[in-house]
Amino acid sequence: MDQDMVVLARVRLLSANRRVVRGAEGLWIYRLLTQVEPEAYGSKLAYVLVEASASPLVRELPERRLALLDEAVEVAKALGTSNPYRAKMLARALAARQREREGRPAEPLTSDGQEHEQPFCYRRLAK
């Protein structure tokens with residue numbers, strides 16, 4: 001592991017001044033730091049991977065979306081059972097992967113990481 005890259009990732013993480021760094025930069029940061037400290041950064045990596053799978057950049061690439069979700073599931077499974085975020089992130093990654101396999105669109109996430117719930121009338125029509 002290149003220690004300069006680890007330091008750069010940590011500097012970018014600290015300079016972002018956000019709870020979770022999203023997008024390509026977040027993927028890079030959390031993928032790298034999860035290799036160094038999986039329990040500290042794995043849940044954030046799983047979160048960003050699920051979020052990235054719903055990105056317009058991969059809208060027309062179902063195999064890429066599924067690969068991101070498979071990675072999210074593996075990262076969440078690798079977290080220790082004592083990790084307080086393991087169950088939540090694993091459930092979110094598994095649900096997103098199941099939706100993807102069934103061909104249903106990804107649910108957008110709110111700023112706190114919760115899925116938006118569709119209004120009742122839309123849920124009935126979607127079924």
Side-chain angles (χ1 to χ4, degrees):
M1 179 65 51
D2 184 356
Q3 291 304 312
D4 289 339
M5 295 302 287
V6 171
V7 170
L8 178 60
R10 287 187 172 145
V11 167
R12 285 193 179 172
L13 184 62
L14 290 171
S15 67
N17 199 25
R18 284 182 263 157
R19 228 173 103 168
V20 177
V21 179
R22 294 175 163 82
E25 183 176 37
L27 284 173
W28 176 77
I29 289 170
Y30 295 125
R31 278 178 172 150
L32 182 66
L33 294 178
T34 297
Q35 293 176 35
V36 178
E37 294 181 64
E39 290 300 313
Y41 297 104
S43 60
K44 289 187 179 187
L45 175 58
Y47 178 90
V48 173
L49 286 163
V50 171
E51 189 174 70
S53 74
S55 167
L57 297 173
V58 294
R59 180 173 291 139
E60 303 299 324
L61 303 168
E63 65 284 342
R64 183 67 184 133
R65 288 192 310 268
L66 192 55
L68 288 167
L69 294 170
D70 286 342
E71 184 180 353
V73 168
E74 292 307 311
V75 168
K77 282 182 179 179
L79 293 172
T81 56
S82 62
N83 187 309
Y85 302 108
R86 183 184 192 273
K88 183 178 182 178
M89 293 315 308
L90 184 55
R92 181 172 290 140
L94 287 169
R97 185 171 71 176
Q98 185 63 33
R99 277 193 307 273
E100 180 63 33
R101 287 185 174 163
E102 292 173 355
R104 292 185 287 149
E107 299 289 330
L109 298 177
T110 63
S111 61
D112 65 352
Q114 300 298 314
E115 291 181 357
H116 285 290
E117 187 170 306
Q118 294 179 346
F120 179 71
C121 59
Y122 292 120
R123 285 188 304 222
R124 281 189 16 211
L125 292 174
K127 291 181 181 179

**Report entry** Spacing of CD belonging to Glu74 relative to CG belonging to Leu69, to within rounding of 0.5 Å
**Finding:** 12.0 Å
Report task. Measure from the side-chain N and O atoms of Ser53 to the backbone N and O of Val50, and report whether any donor-acceptor pair falls under 3.5 Å. Result -> yes
Query raised in the report: If Ile, Leu, Val, Met, Phe, Trp and Tyr residues are connected whenever their side-chain heavy atoms lie under 4.5 Å apart, and connections chain through other members, are Val11 and Ile29 in the same group?
Result: no
Query raised in the report: Any sub-3.5 Å donor-acceptor pair from Arg22's side-chain atoms to Val48's backbone N or O?
Result: no
Query raised in the report: Is Glu60 atom CD crowded by more than 12 heavy atoms from other residues, nucleotides or ligands, each under 6.0 Å away?
Result: no
Query raised in the report: Given side chains that start at C-beta, do those of Val21 and Arg12 come closer than 4.5 Å, heavy atoms only?
Result: no
Query raised in the report: Does Asp2 CG have over 12 foreign heavy atoms under 6.0 Å away?
Result: yes
Query - Hydrophobic cluster identity match, Leu33 and Leu8, side-chain contacts under 4.5 Å - result: yes
Enumerate donor-acceptor pairs with a distance under 3.5 Å from any side-chain N or O in residues 38-46 to protein atoms, sequence neighbours excluded.
residue	atom	partner	partner atom	Å
Glu39	OE1	Gly80	N	3.3
Glu39	OE1	Asn83	ND2	3.0
Glu39	OE2	Gly80	N	2.7
Lys44	NZ	Arg19	O	2.8

Report summary line: Distance col, row Glu71:CD vs Leu49:CG, nearest 0.5 angstrom, shows 4.5 Å
Query raised in the report: When rounded to the nearest 0.5 angstrom, what distance separates CG in Leu68 from CZ in Arg97?
Result: 12.5 Å
Query - Approximate separation, where rounding is to 0.5 Å, of Met89 CE and Leu94 CG - result: 10.5 Å
Query raised in the report: Is Arg92 close to Tyr85 at the side-chain level, that is, under 4.5 Å between some pair of heavy atoms?
Result: no
**Report entry** Side-chain touch Val73/Lys77, heavy atoms, less than 4.5 angstrom
**Finding:** yes
Report task. Give, for atom CZ of Arg10 and atom CD of Glu37, the distance between the pair rounded to the nearest 0.5 Å. Result -> 4.5 Å
Query raised in the report: Just how far is it from atom CZ of Arg86 to atom CG of Leu79, taken to the nearest 0.5 Å?
Result: 7.0 Å
Query raised in the report: Mind checking whether Val20 and Val36 sit in one hydrophobic cluster, side chains of I, L, V, M, F, W, Y counted as touching below 4.5 Å?
Result: yes
